[in-house]
Number of protein chains: 2
Amino acid sequence: MTTTTDRADAATAFDPGGTGHAGHAETGWDRRKRATRTALRYAAVALVEERGLSGVTVEEIAAEAGVSTRTFFNYFPTKEDAVIGWEPSAIAELVDHLLRRPDHERPVEAVRHTLAEVILPGDGDYRALLRRLQVIRSDHHLVAHYVLRFGDTEQALVAALAQRRGTDPATDRYAALVAASVLAASRVALMAWCEDEGRVPLGEVMAEHLDMLGAGLPEPTEARR
Amino acid sequence: MTTTTDRADAATAFDPGGTGHAGHAETGWDRRKRATRTALRYAAVALVEERGLSGVTVEEIAAEAGVSTRTFFNYFPTKEDAVIGWEPSAIAELVDHLLRRPDHERPVEAVRHTLAEVILPGDGDYRALLRRLQVIRSDHHLVAHYVLRFGDTEQALVAALAQRRGTDPATDRYAALVAASVLAASRVALMAWCEDEGRVPLGEVMAEHLDMLGAGLPEPTEARR
DNA sequence: TATGCAGCTTTCACTCGGTGCAACATACCC
DNA sequence: GGGTATGTTGCACCGAGTGAAAGCTGCATA
């Protein structure tokens, strides 16, 4: 019901200055690729929202986006990744930000600020994020895959933290612990924000959770928190 | 190299009182099933250790264990699960233990004790656990799958914690946060223990990590911790 | 000991996810 | 305008995973 035609040829329909916020002169190829990627993500979310993950095949998503099945796999390694909107560049960006944080900052704070800068969509497109999270939450398999991608992020963060601290990422337990627990808390915060349908600003929800983590998980006094 | 024949017909070769520590009268079927399960796990770990995850097919694992491919899938939902030794019963057991912890115990402590009781192999078979963890760590895909199963465990823990606290598991953020971060810390501890090749007792490593978490992740003072 | 039942294993057929490769199309640059 | 880099497609293929029906195995009866 949702679509079927409106996005059919998104691969060739160039984005008319829509989400474009790319600084350095974008070539035609880049535009085309971004359009295809967006179309695939959009199609994936829409179809899965409608029929559930197992009710949709990659072939259908590709068709909906107006590209071949093979092309789908040129953009996303798995069906799930198209739904959760996985971007390989996101991890690199995260690491980049983390390495730029001031040296005096403690690891937990550095990671915290980094996440705040990177996860929260600067363009204010919280609606899309919320919708995607709702679709993810609706399917156990998608949640699992989401957690899995957090795992990838975690590995990258450990490497970056270790670099910051001048330690060996393979043996720096503190870095591993910080990355794992802060990411876990962030994930829970995202889910809570989603559960709440975005009424409380995401930044606040994140801060709340990370504060609790930083305080050693004290049991909330008031009932129902 | 490792095997090829020694375990070939483990499905029919009954376990001669080996790992058997089942209290309530075990029927022949149970013995047979346990033997098959063990053979599959063993074959999976051995073959993957030898050739890597992608160098081994389910068909080969099944053949090595002396059963058909279809039977493999009657025991494990995925190839990865056979390697990581996933047991659906483990989660139930975890929940069970958690619900039996004394009421006055704070959530973090309750989860902590539960994990200590369930994760640590009572029969002292740390060698097998260590080997399995080493195989898992050697492959990114296996690590991801391992994290994924921790995610399943997490959901079960949240439900159990919420029940304990008399809250709604869907909205109890504190339960979600505790489950997620404690499990994350435990996972990191397991990996650290493995990295260390089991020289320091697992229980100690776990305690160290959970203490750090409970203290709010203070930056270790001494260099290299 | 024979017989029936229950539960496990196997075979078969099939769908779908995912990848490598070679041919084709498109945008860019000279 | 022609060459080149890059993106897209079709094709062939492999392996994971599932459903269903038939066969086998152990157990509990008479």
Side-chain angles (χ1 to χ4, degrees), chain A residues 8-15 24-40 44 47-48 51-84 86 139-142 144-145 148, chain B residues 8-15 25-40 43-44 47-48 51-84 86 139-142 144-145 148:
Chain A
D9 54 350
T12 45
F14 285 5
D15 174 28
H24 21 257
E26 212 185 19
T27 142
W29 281 122
D30 296 335
R31 291 232 306 285
R32 191 190 175 96
K33 281 179 74 176
R34 226 191 44 234
T36 303
R37 200 178 186 83
T38 305
L40 282 171
L47 289 179
V48 171
R51 308 182 211 158
L53 182 69
S54 59
V56 176
T57 67
V58 170
E59 200 175 350
E60 289 167 331
I61 296 174
E64 177 83 13
V67 295
S68 73
T69 307
R70 190 62 185 81
T71 295
F72 176 95
F73 289 109
N74 287 341
Y75 283 87
F76 297 100
T78 70
K79 180 168 68 165
E80 292 82 359
D81 283 312
V83 179
I84 71 176
W86 184 67
D139 183 291
H140 175 254
H141 200 79
L142 281 171
H145 200 84
L148 188 155
Chain B
D9 55 351
T12 47
F14 284 6
D15 174 29
E26 212 185 19
T27 142
W29 282 121
D30 294 336
R31 292 233 306 285
R32 193 191 173 96
K33 281 178 72 175
R34 225 192 44 234
T36 303
R37 200 178 185 83
T38 304
L40 282 171
L47 290 179
V48 170
R51 308 183 211 158
L53 182 70
S54 59
V56 176
T57 66
V58 169
E59 200 174 349
E60 289 167 331
I61 296 175
E64 176 82 13
V67 295
S68 74
T69 308
R70 191 62 183 80
T71 295
F72 176 95
F73 289 110
N74 288 340
Y75 282 87
F76 297 100
T78 70
K79 180 169 67 166
E80 292 81 359
D81 283 312
V83 180
I84 71 177
W86 183 69
D139 184 290
H140 175 255
H141 199 79
L142 281 171
H145 201 84
L148 187 154

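Here is the naming used below: chain letters follow the sequence lines, and residue numbers restart at 1 for every chain. Bear in mind the structure is a predicted one, so any value in this text is a computation, not a measurement.
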*asked:* Which heavy atom of B:Leu53 sits nearest to which heavy atom of B:Val48, and what is that distance?
replied: N-CG1, 3.7 Å
_OG1-OH distance between B:Thr36 and B:Tyr75, expressed to the nearest 0.5 angstrom_ = 4.0 Å
*So, A:Lys79 side chain and A:Ile61 main chain: donor-acceptor pair closer than 3.5 Å or not?*
no
For nucleotides 5-8 of chain C, print each protein N/O atom paired with a nucleotide N/O atom at under 3.5 Å, atom names and distance only.
residue, atom, partner, partner atom, Å
C:dC8, OP1, B:Lys33, NZ, 3.0

*In whole angstroms, how far is the C1' atom of D:dT18 from the CG atom of B:Asp81?*
16 Å
_When you compare the side chain of A:Val67 with that of A:Asn74, does any pair of heavy atoms fall below 4.5 Å?_
no
*Nearest whole angstrom, please: distance from the C1' of C:dG17 to the CD of A:Glu59.*
11 Å
_B:His141 NE2 - D:dA16 P separation (whole Å)_ = 10 Å
*Separation of atom CZ in A:Arg34 from atom P in C:dA27, rounded to whole Å*: 16 Å
*Report the distance from atom CZ of B:Phe73 to atom C1' of C:dT10, rounded to the nearest whole Å.*
14 Å
_Pair of N/O donor and acceptor under 3.5 Å linking D:dG7 base with A:Arg70 side chain_ = no
*Please report the shortest heavy-atom distance between A:Thr69 and A:Val58, naming the atom on each side.*
CG2-CG1, 3.9 Å
_Whole-Å gap separating P (D:dG7) and CZ (A:Arg37)_ = 12 Å
*OP1 or OP2 of D:dT8 sitting under 4.0 Å from any side-chain N/O of A:Thr71?*
no
*Round to a whole Å and report the spacing from NZ of B:Lys79 to C1' of C:dG17.*
13 Å
*Quick one: B:Arg31 CZ to D:dC27 C1', roughly how many Å, whole number?*
13 Å
_Minimal non-hydrogen separation, B:Leu40 against B:Ala62, with atom names_ = CD2-CA, 4.1 Å
*Which is true for B:Thr78 with a 4.0 Å heavy-atom rule: it touches a base, it touches only sugar-phosphate, or it touches nothing?*
sugar-phosphate
_With heavy-atom distances below 4.5 Å as the criterion, would you say the side chains of B:Trp86 and B:Thr78 are in contact?_
no
